[in-house]
Amino acid sequence: MAVVTTALGIDVGTTNVKAAIVGDDGTVHATASRNLVADVEGERAELDADAQWQAVVDAVAECVAAAPDAAWRVVAVGVDSQYSSIVPVGADGRPVAPMRLWSDRRGTERSFAILREHEDAFMGFIERHGIPPVGGGLSLGHVLHLQHDCPDVHARTAAYLEPMDHINARLTGRLAGNQATQFMSQLVDNRSLGQTTYDDVLLGWSGVDPSRLPPLLPMDEPIGPVRSEVADALGIPAGAIVHAGVNDTQAGSIATDAYRDGRAGLSIGTTSVLVDAIATKEVDLDHEVLSCPGPFTDRYLVFAENGLGGKPLEHVLDNVVHTGGFDTLDEVLDRVPAGSGGVLFLPWLRGSMAPANDQHMRGGYVNMSLETGRDELVRATCEGVAHNLAWLLPHAEALTGEPVREVVFVGGAARSAGWAQIVADVLDRPVLVPDRPEVAIARATALLALHRHGVLDRADLSRLASSGGALHPIAAHHDVYARHQPQFEAVFEALRPISAALNAGT
């Protein structure tokens, strides 16, 4: 097959890095991944940002070795990443301290101090940005913690960058962000799209040192060419242009074509995220569903962080039941009828997020019996993640004012046809799974780079967002899950005070 024009897509997650070389026809010529290991203890959650960069280099180099002809035709590079994580970097773009991950809770009290000191701040942040300064792992809290509680780090810091902007800085030597990547800094007025400045009012309330913030570029402005020494190390042309970064939710909107009427995107990796498109800035704080800037300046994205998704299953398979790992998951699911014998799994192993945020909440299994075995626990785990999504979906629909008629499912969990069928049965919606869903985000990031490079237009992005065949709900299975759904939600409320008592002070 003739290779004409290609792009490199880099997807930086919490637990791994994926790279893909993608052609302008959507063909994935090569992919590779590398694992990442976080350092988590109590409220601290850190990652070695230099190790993250090396993982990117190694994954890209493997792609280049696998498809050298496609690699030498790379004209554009796109980077997406997990977000609400902060890397303090020096003027050379190298980290001066570990990355604060999204699950790091330090800085929460600094955020709440803003509310105590400024009576208008709560509603002002909601009106201007969308999220009030409540910490709990948000980037603003990370920055405040580093600025006030780690003065030596702050003194060495030239800019506080999100992971995708850190990788772009290593690629190009330029420290920069944009309205999309800086969303969780909570310092940009999101009432209009296309912003290139921080908001003076939000800066004043927060007390953040503006000299440590990266300049905001227009969403479609390139960062610059890959530095020659970096291009040599990666094995791609030095003239390749690095385009503006996005977070993985924003990239997921491209992968799933969530801009299509009646469609939502679903990604289950470490966490579960539901995404849809909307014309205006909207917020539902009661259920933690809100809009954010997307990759384009004509639409917002509704994003709903449902909490841990794939991580609970990984934990159960590795540490609880030992049934053989993800590769044998579908065999296990096939052996157990829908409903897992009445066992419900509660996926809130590190707190709950949308539609009910509670960092003290914890999960587990309820309604076990002597007939419950390992297989039932595994299937119940997949069902519990799906029940959590079914609890969230109506609130996302209420925010957009439009029903979701189909869901495109990407991420590592979507490799399991059995889990995808469970999602369809629980949500009572057709679920479409693209080929190789585990690299769909990296592929979409590469295609977005080709769009910004002028190779593809918006219609091409929609056309190339492969959605695969549909898995339709099985009526008998949905009947079972419809009976379980209200009990799943009732268990949350029943256990909430117990979790609060058991986890007070954590």
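One-based numbering along the sequence shown.
Residues passing the salt bridge (Lys or Arg N to Asp or Glu O under 4.0 Å) test with D58: none are found, sequence neighbours excluded. Applying the side chain to side chain donor-acceptor pair (under 3.5 Å) criterion to E282, with sequence neighbours excluded, gives T280. Residues satisfying the side chain to side chain donor-acceptor pair (under 3.5 Å) criterion with R105, sequence neighbours excluded, are Q359. Residues satisfying the side-chain contact (heavy atoms from CB on, under 4.5 Å) test with H477, not counting sequence neighbours, are A338, D425, I474, Y481. Here D220 pairs with nothing under the salt bridge (Lys or Arg N to Asp or Glu O under 4.0 Å) rule; sequence neighbours left out. With sequence neighbours excluded, the residues that form a salt bridge (Lys or Arg N to Asp or Glu O under 4.0 Å) with D39 are R44. The side chain to side chain donor-acceptor pair (under 3.5 Å) check on E493 picks up nothing, with sequence neighbours excluded. V273 meets the side-chain contact (heavy atoms from CB on, under 4.5 Å) test with T249, T271, E305; sequence neighbours excluded. In terms of the side chain to side chain donor-acceptor pair (under 3.5 Å) criterion, residue partners of S85 (sequence neighbours excluded) are, by chain and number, Q82. For S267, the side-chain contact (heavy atoms from CB on, under 4.5 Å) test picks out V410, with sequence neighbours left out. Listed by chain and residue number, R106 satisfy the salt bridge (Lys or Arg N to Asp or Glu O under 4.0 Å) test with D104 (two or more places apart in sequence, or in another chain). Scanning for side-chain contact (heavy atoms from CB on, under 4.5 Å) contacts around T270 gives T14, T15, W102, L308, K311, with sequence neighbours left out.
Other residues, nucleotides and ligands place more than 12 heavy atoms under 6.0 Å from the CG atom of D457.
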- prompt: Which is it for R73 and D69 under the salt bridge (Lys or Arg N to Asp or Glu O under 4.0 Å) test, yes or no, and what are the steps along the way?
  reply: CA-CA 7 Å; R73 296 178 184 273; D69 185 51; 3.6 Å; yes
message: I'd like to know whether L448 forms a side-chain contact (heavy atoms from CB on, under 4.5 Å) with H243, so could you lay out the CA-CA distance, the side-chain angles of the two residues, the decisive distance to 0.1 Å, and finally the verdict.
response: CA-CA 9 Å; L448 179 61; H243 288 272; over 6 Å; no
message: What verdict does the side chain to side chain donor-acceptor pair (under 3.5 Å) test give for S33 and N16, after you've listed the backbone C-alpha separation in whole Å, the side-chain angles of each residue and the deciding distance to 0.1 Å?
response: CA-CA 7 Å; S33 65; N16 60 57; over 6 Å; no
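Side chain to side chain, T31 and R436 meet the donor-acceptor criterion of an N or O pair below 3.5 Å. Residues S139 and Y83 have side chains that never bring a donor and an acceptor to within less than 3.5 angstrom of each other. Donor-acceptor pairing under 3.5 Å is recorded for the side chains of S462 and D257. Between D165 and T181, the side chains place a donor N or O and an acceptor N or O closer than 3.5 Å (distance only, hydrogens not considered).
A salt bridge links R34 with E62; the closest basic N to acidic carboxylate O contact falls under 4.0 Å. Between R379 and D375 there is no salt bridge, since no side-chain nitrogen of the basic residue lies less than 4.0 Å from a carboxylate oxygen of the acidic one. Using a 4.0 Å cut-off between a side-chain N of Lys or Arg and a carboxylate O of Asp or Glu, D50 and R170 qualify as a salt bridge.
The aromatic rings of F303 and F183 sit perpendicular to each other, their planes meeting at more than 60°, with 30° as the lower class boundary. Taking the six-membered ring where tryptophan is involved, the planes of H451 and F296 are perpendicular, since the angle between them exceeds 60° and thus also 30°.
A cation-pi arrangement is absent between R299 and Y259 under the rule of less than 6.0 angstrom and at most 45 degrees off the ring axis.
In summary, of the residues considered (V12, I86, V87, V79), a side chain to side chain contact (heavy atoms under 4.5 Å, CB included) with H166 occurs for V87 alone.
Residues L266 and R429 fail the side-chain proximity criterion, which asks for heavy atoms closer than 4.5 Å. Residues L333 and S416 are in side-chain contact: their nearest non-hydrogen atoms beyond the backbone lie under 4.5 Å apart. Residues F345 and L377 have side chains not in contact (no heavy-atom distance under 4.5 Å, counting atoms from C-beta outward). Side-chain atoms of F492 and L346, non-hydrogen and from C-beta on, never get closer than 4.5 Å to each other. Contact check for P295 versus R452: side-chain heavy atoms found under the 4.5 Å cut-off. Counting heavy atoms from C-beta outward, N190 and C292 have side chains that stay 4.5 Å or more apart.
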